[in-house]
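See structure below.
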Amino acid sequence: MKSHAKKLSIYNSLKGEKLIFKSLKDGFVGLYVCGPTVYSNVHLGNCRTFISFDMVYRYLVHLGYKVRYVRNITDVGHLVDDADEGEDKIAKKARLEQLEPMEIVQQYTLDFHKVMENFNSLAPNIEPTATGHIIEQIEMIQAIIDNGFGYESNGSVYFDVEKYNESHPYGELSGRKIEDLISNTRDLDGQSEKRAPLDFALWKNASSDHIMKWSSPWGVGFPGWHLECSAMSTKYLGEEFDIHGGGMDLKFPHHECEIAQGTASNGKAPVQYWMHGNMLTLNGKKMSKSTGNSILPHELFSGVNTFMTKPFDSMVVRFFMMQAHYRSTLDFTSEALAAAEKGYARLTEAMATLEALNTSLESSTSVNEMIESFYSAMNDDFNAPILVANLFESVKFINSVNDGKATISASDRLLLQTEMSAFVVDVLGLAPSVSGGEDKLAPVMDLVLDLRQEARTNKDWTTSDKIRDGLANAGIIVKDSKEGTTWN
RNA sequence: GGUCCUGUGGCCGAGUGGCUAGGCAGUGGUCUGCAAAACCAUCUACAGCGGUUCGAAUCCGCUCGGGACCUCCA
C-alpha cells in the first residue's frame with residue numbers, strides 16, 4: 001500500500017460530505033457498481049458511469065488496495081410499466097423480436113463488453129447476472145419476510161416500507177421523508193396488491209404467458225429489480241462492504257431500496273460509502289434511451305450521427321470525460337470534443353517527448369512536487385480534472401526542457417516517466433491507440449523522408465513541400481525540428 | 001406540485017472567503033526556407049439584486065435561468 005492511500009477522501013452520498021476513506025479490512029476494498037440492463041445497446045451516458053467507476057477502481061488499485069470489483073448484468077426484472085401490471089423489459093423485447101430472452105441478453109451483453117473494451121475499461125472481478133442468482137434472491141426475500149418486513153400478496157411479495165420506517169429511516173440516502181413520499185405518490189389503481197403505494201416488489205407473480213419465470217415458495221414468478229443488487233453484493237462482498245457506486249438516477253428508489261433490503265434481511269446497513277456519478281447531457285438534457293436524446297458509442301466513433309460534426313476516437317472521448325469531475329454533469333458537444341482531441345494529442349506527444357529528453361545534472365523544477373500534485377488531485381475525491389490540469393503543467397515543463405529552456409536530471413526523467421505513465425495509462429485508463437501496420441510503414445517513411453531531406457538540402461522547396469502535403473493528405477503529419485524530422 | 005443540485009471568460013470545465021486551475025479557440029512575439037509543433041507574453045469570468053465581512057465569484061436571502069429525482073433509467 002502506498003502512503004498516499006491514507007489521504008484518500010471520498011464524497012459519501014449518504015453523509016453528504018467528503019470523508020477520509022477507510023476500508024473495513026485493511027488493504028482490501030469491496031466495490032460494487034450497478035451495471036447495465038441488457039435489453040438494448042448501451043449509450044454513451046451509461047458508459048460515462050462505468051468509465052467513472054473504472055477510474056475509481058484503477059486508482060484504488062494504484063494506491064495498492066486489493067480490490068474486489070463486482071458489477072452486475074441485469075438480465076431480468078426491470079418492470080416496464082407500473083409495478084402492478086409490470087412486464088419485464090427483457091421479456092417484452094423478446095416478444096417484440098420473437099427471440100428467446102436469453103438471446104437478447106447475450107446480444108447486448110456482448111455489445112456492452114465490446115464497448116467497454118473500446119473505452120479501455122477494465123473488466124470487473126466478478127460480473128454476476130440476476131438470472132444466475134435466483135436462489136440467492138429467494139433466500140433474501142425469505143429473510144426479509146421472516147424479519148417482518150415483507151408480505152405476500154397474490155403470489156407476489158412486497159417490501160413493507162412503512163413497517164421498515166418505524167425502526168430504520170427510509171429515504172436517508174436521497175434525503176426524503178416518508179411523509180413527503182406518501183403524499184407525493186401518484187394515484188394507483190384501487191385493486192393494488194400492495195398494502196401501501198410506497199411498497200416495492202421483491203417478487204412478482206408471473207402470468208401464464210410471461211416468458212421469464214421461476215418457481216419460488218410464493219409460486220411461479222420473477223424477482224423485483226432492486227433485489228438482485230442486494231443479493232449479489234451480499235454474496236460476493238458480504239453483508240457490509242466498502243463502496244457502492246452507480247448513476248445519480250439510481251439513488252432513488254433503487255439504492256434506497258438496496259439499503260432497506262440489506263438492513264431488513266441481516267440487520268446491517270450494507271454500504272460504507274455510497275458514490276454517485278452524474279449524468280452525461282446532450283443538448284443540455286440528460287442522455288436517455290426513452291426520450292431518444294442519446295448517442296451510441298459506435299455512432300460517435302464512426303461519425304455517423306446527427307449530433308457531432310466528425311468522428312471521435314474512444315480515447316478522446318474518455319479523456320474528455322476525465323476532464324470533468326464524476327459528480328458534475330458533463331455536456332457533450334462537438335466543439336468540446338474537438339478541443340479534447342487536441343489537448344489529448346498534446347498530452348500524448350509530450351509523453352513521447354519525455355522519453356527522448358536530454359538530461360542535465362539537475363532539474364530546474366521540482367519533479368517530486370509535480371508528482372505529489374497528481375496524488376493530491378486524485379486523493380480529493382478522485383478529482384481527475386485537476387489531475388489532468390496538473391499533468392499539463394508537466395507537459396509544459398517537458399516541452400520547455402525540450403526547447404532548452406529548462407532542465408531535467410536523469411533520475412527525475414525516469415521518475416516523471418514512470419509516474420506520468422502510471423497516472424495517464426493506469427489510473428485515467430488512457431491507452432494511446434495502437435495503429436496496426438506501422439511496421440511496414442516505418443521503412444517506407446524513412447525512405448520518403450530521406451528523399452525529402454535531400455530536396456530540402458538542395459533548397460528544392462517545391463519537391464519537399466509536395467512530399468509534405470501529399471503525406472498530410474494521407475493523414476501523416478510531418479514536423480521538422482532541429483533534431484530532425486518526425487511524423488505520425 | 002414536492003425534494004435536491006446548478007448558473008464561471010468565445011467553447012468545455014476546476015476551484016474557492018483575500019494568492020485570478022487546466023484544455024481548446026483568439027492576439028502579439030521567438031523559432032522555421034515556409035509550415036506544423038513547441039516556447040514566451042497577452043485579452044475575454046464568476047446570472048442579477050441585496051446582505052454579512054476589513055475583503056465574496058466563494059457565505060446568507062431574494063429574483064431569473066438550467067438540470068435531476070419523485071415512474072424504467074448509468
Side-chain angles (χ1 to χ4, degrees), chain A residues 16 33-37 39 42-53 74 77-83 86 88-89 171 174-177 179-181 183-186 225 245-254 256 276-281 284-291 294 319-320 323-325 327-347 349-350 353 377 380 383-393 395-396 398-406 456 459-461 464-465 468-469 472 477-482 485-486 488:
Chain A
V33 175
C34 288
T37 304
Y39 67 102
V42 281
H43 68 242
L44 215 58
N46 301 316
C47 294
R48 186 191 180 195
T49 298
F50 303 131
I51 290 170
S52 292
F53 286 104
T74 296
H78 274 212
L79 305 178
V80 172
D81 299 311
D82 176 71
D88 138 354
K89 266 184 180 166
S174 51
R176 282 154 217 261
K177 292 189 181 71
E179 307 84 60
D180 297 340
L181 285 168
S183 62
N184 280 314
T185 304
R186 289 217 208 130
W225 168 44
M248 207 82 110
D249 48 353
L250 296 184
K251 207 168 174 182
F252 188 91
H254 185 59
E256 205 71 72
H276 289 96
N278 216 322
M279 300 293 103
L280 189 65
T281 60
K285 289 248 163 64
K286 177 187 168 186
M287 216 178 265
S288 164
K289 261 172 225 169
S290 50
T291 60
S294 69
F319 175 76
F320 175 67
Q323 279 192 296
H325 189 86
R327 280 194 289 117
S328 301
T329 54
L330 174 63
D331 196 44
F332 222 67
T333 64
S334 218
E335 203 181 354
L337 257 304
E341 187 170 47
K342 291 196 178 175
Y344 180 55
R346 193 162 160 240
L347 176 64
E349 275 168 32
T353 305
D380 184 15
N383 201 325
I386 294 290
L387 169 62
V388 171
N390 293 342
L391 284 167
F392 273 107
E393 295 298 334
V395 167
K396 207 169 205 176
I398 290 165
N399 288 329
S400 286
V401 173
N402 197 38
D403 259 28
K405 288 173 179 160
R456 293 182 75 212
K459 296 197 190 297
D460 179 4
W461 309 124
S464 80
D465 287 356
R468 186 174 64 198
D469 294 346
I477 306 300
V478 172
K479 292 174 194 169
D480 301 319
S481 72
K482 284 171 218 136
T485 301
T486 57
N488 63 27

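Within every chain, numbering begins at 1; the chains are lettered A, B, ... in the order of the sequence lines, protein sequences first and strands thereafter.
Smallest separation of non-hydrogen atoms from A/Gly246 and A/Thr49: C-CG2, 3.9 Å. The heavy-atom pair separating A/Val42 from A/Cys47 by the smallest distance is CG2-SG, 4.3 Å. The two residues A/Asp380 and A/His325 come nearest to each other via the heavy atoms O-CE1, 4.5 Å.
Contacts of A/Lys177 with the nucleic acid, taken as non-hydrogen atoms under 4.0 Å apart, are absent. Within 4.0 Å (heavy atoms only), A/Gly35 reaches sugar-phosphate atoms of the nucleic acid but no base atom. Looking at heavy-atom distances under 4.0 Å, A/Glu341 makes no contact with the nucleic acid at all. Nucleic acid contact for A/Asn383: sugar-phosphate only, since backbone atoms but no base atoms lie under 4.0 Å from a heavy atom of the residue. Heavy atoms of A/Met248 sit nowhere under 4.0 angstrom from any nucleic acid atom. Using a 4.0 Å heavy-atom criterion, one finds that A/Gly277 contacts no nucleic acid atom at all. When heavy atoms are screened at a 4.0 angstrom cut-off, A/His325 is found touching the sugar-phosphate backbone but no base atom. A/Phe53 comes within 4.0 angstrom of no nucleic acid atom, judged by non-hydrogen atoms across all strands. Counting non-hydrogen atoms under 4.0 angstrom, A/Leu280 reaches a base of the nucleic acid.
Checking the phosphate oxygens (OP1, OP2) of B/rA21, no side-chain nitrogen or oxygen of A/Asn390 falls inside 4.0 Å. The phosphate of B/rG23 has neither OP1 nor OP2 within less than 4.0 Å of any side-chain N or O from A/Lys342. Note on A/Lys289: every side-chain N or O is 4.0 Å or more away from OP1 and OP2 of B/rC72. Not one side-chain nitrogen or oxygen of A/Ser328 sits closer than 4.0 Å to the OP1 or OP2 atom of B/rU6.
Rounded to whole Å, atom P of B/rU6 lies 17 Å from atom CG of A/Asp331. The interatomic distance linking A/Gln323 (CD) with B/rA14 (P) rounds to 10 Å, in whole Å. Distance, A/Glu256 CD to B/rA68 C1': 16 Å, rounded to whole Å. The CG atom of A/Leu337 sits 18 Å away from the P atom of B/rG23 (whole-angstrom rounding). Between the P atom of B/rC5 and the CE atom of A/Met279 lies a distance of 16 Å, rounded to the nearest Å. One interatomic measurement links the two molecules: CZ of A/Phe252 to C1' of B/rU3, which rounds to 10 Å at whole-angstrom precision. One atom, CG of A/Asp249, and another, P of B/rU3, lie 21 Å apart when rounded to the nearest Å. Rounding to whole angstrom units, CG of residue A/Leu330 and C1' of B/rG23 are separated by 13 Å.
As rounded to the nearest Å, B/rG26 and B/rC69 have P atoms that lie 38 Å from one another. Taking the P atom of each, B/rG28 and B/rA35 are spaced 13 Å apart, rounded to whole Å. B/rA21 and B/rA45 have their P atoms separated by 15 Å, with the value rounded to a whole Å. The same atom, C1', is picked in B/rG17 and in B/rC70; the two are 36 Å apart, to the nearest Å. B/rU8 and B/rC49 have their P atoms separated by 16 Å, given to the nearest Å. Here the separation of B/rG2 from B/rG18, taken at their P atoms, is 36 Å to the nearest Å. Distance check on atom C1': B/rC43 versus B/rA25 gives 12 Å, rounded to whole Å. Comparing B/rA47 with B/rA56, their C1' atoms are spaced 15 Å from each other, to the whole Å.
Taking the side-chain contact (heavy atoms from CB on, under 4.5 Å) definition, one finds that A/Lys177 meets it with A/Glu179, A/Asp180, sequence neighbours left out. Considering only residues two or more places apart in sequence or on other chains, A/Met248 meets the side-chain contact (heavy atoms from CB on, under 4.5 Å) condition with A/His276, A/Asn278, A/Met279. Every side-chain hydrogen bond (donor to acceptor under 3.5 Å, both in side chains) that A/Thr485 has, sequence neighbours left out, goes to A/Asp480. With sequence neighbours left out, the ring-ring contact (aromatic ring centres under 6.0 Å, His included) criterion links A/Phe320 to A/Phe332. Applying the side-chain contact (heavy atoms from CB on, under 4.5 Å) rule to A/Ala324 yields the partners A/Arg48, A/Leu330; only residues at least two apart in sequence or on another chain are considered. Take A/Asp331 and apply the side-chain contact (heavy atoms from CB on, under 4.5 Å) test, not counting sequence neighbours, and it matches A/Thr281, A/Thr333. With sequence neighbours excluded, the residues satisfying salt bridge (Lys or Arg N to Asp or Glu O under 4.0 Å) with A/Glu341 are A/Lys310. For A/Lys479, the salt bridge (Lys or Arg N to Asp or Glu O under 4.0 Å) partners at least two apart in sequence or on another chain are A/Glu349.
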Show the distances under 3.5 angstrom between N or O atoms of the protein and N or O atoms of nucleotides 36-40 of chain B.
from: B/rA36; atom 1: N1; to: A/Asp480; atom 2: O; distance (Å): 2.9
from: B/rA38; atom 1: OP1; to: A/Arg346; atom 2: NE; distance (Å): 3.4
from: B/rA38; atom 1: O3'; to: A/Asn399; atom 2: ND2; distance (Å): 3.0
from: B/rA38; atom 1: O2'; to: A/Asp403; atom 2: OD1; distance (Å): 3.3
from: B/rC39; atom 1: OP1; to: A/Arg346; atom 2: NH2; distance (Å): 3.4
from: B/rC39; atom 1: OP1; to: A/Asn399; atom 2: ND2; distance (Å): 3.2
from: B/rC39; atom 1: O4'; to: A/Asp403; atom 2: OD2; distance (Å): 3.1
from: B/rC39; atom 1: O2'; to: A/Lys405; atom 2: NZ; distance (Å): 2.7

Dump every N/O contact between nucleotides 63-65 of chain B and the protein below 3.5 Å, one line per pair.
none

Return the polar atom pairs (N/O with N/O) between nucleotides 8-11 of chain B and the protein under 3.5 Å, or none.
none

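Put simply, the side chain of A/Glu256 gets close to the backbone of A/Ser174: a donor and an acceptor are under 3.5 Å apart.
Using a 4.5 Å cut-off on side-chain heavy atoms (C-beta onward), A/Asn399 and A/Asp403 make no contact. Using a 4.5 Å heavy-atom cutoff, the side chains of A/Pro36 and A/Asn46 are not in contact.
Within the model, atoms NE2 of A/His43 and CG of A/Leu280 stand 7.5 Å from one another, a figure rounded to the nearest 0.5 Å. One finds the NZ atom of A/Lys405 at 12.0 Å from the NZ atom of A/Lys396 (value rounded to the nearest 0.5 Å).
The base of B/rG1 does not come close enough to the side chain of A/Asp180 for any donor and acceptor atom to sit less than 3.5 Å apart.
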Parsed dot-bracket for RNA chain B after applying the Watson-Crick and G-U rules with both distances under 3.5 Å and | for other-strand partners is (((((((..(((.....[...))).(((((.......)))))....(((((..]....))))))))))))....
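Taking the nucleotide of RNA chain B with the nearest heavy atom to each of A/Ser174 and A/Ser464, the more 5' of the two is matched to A/Ser174. The 5' end of RNA chain B is approached more closely, in terms of each residue's nearest nucleotide, by A/Pro385 than by the other of A/Pro385 and A/Thr281.
Judged by centroid separation below 5.5 Å and plane tilt below 30°, A/Phe392 does not stack onto the base of B/rG23.
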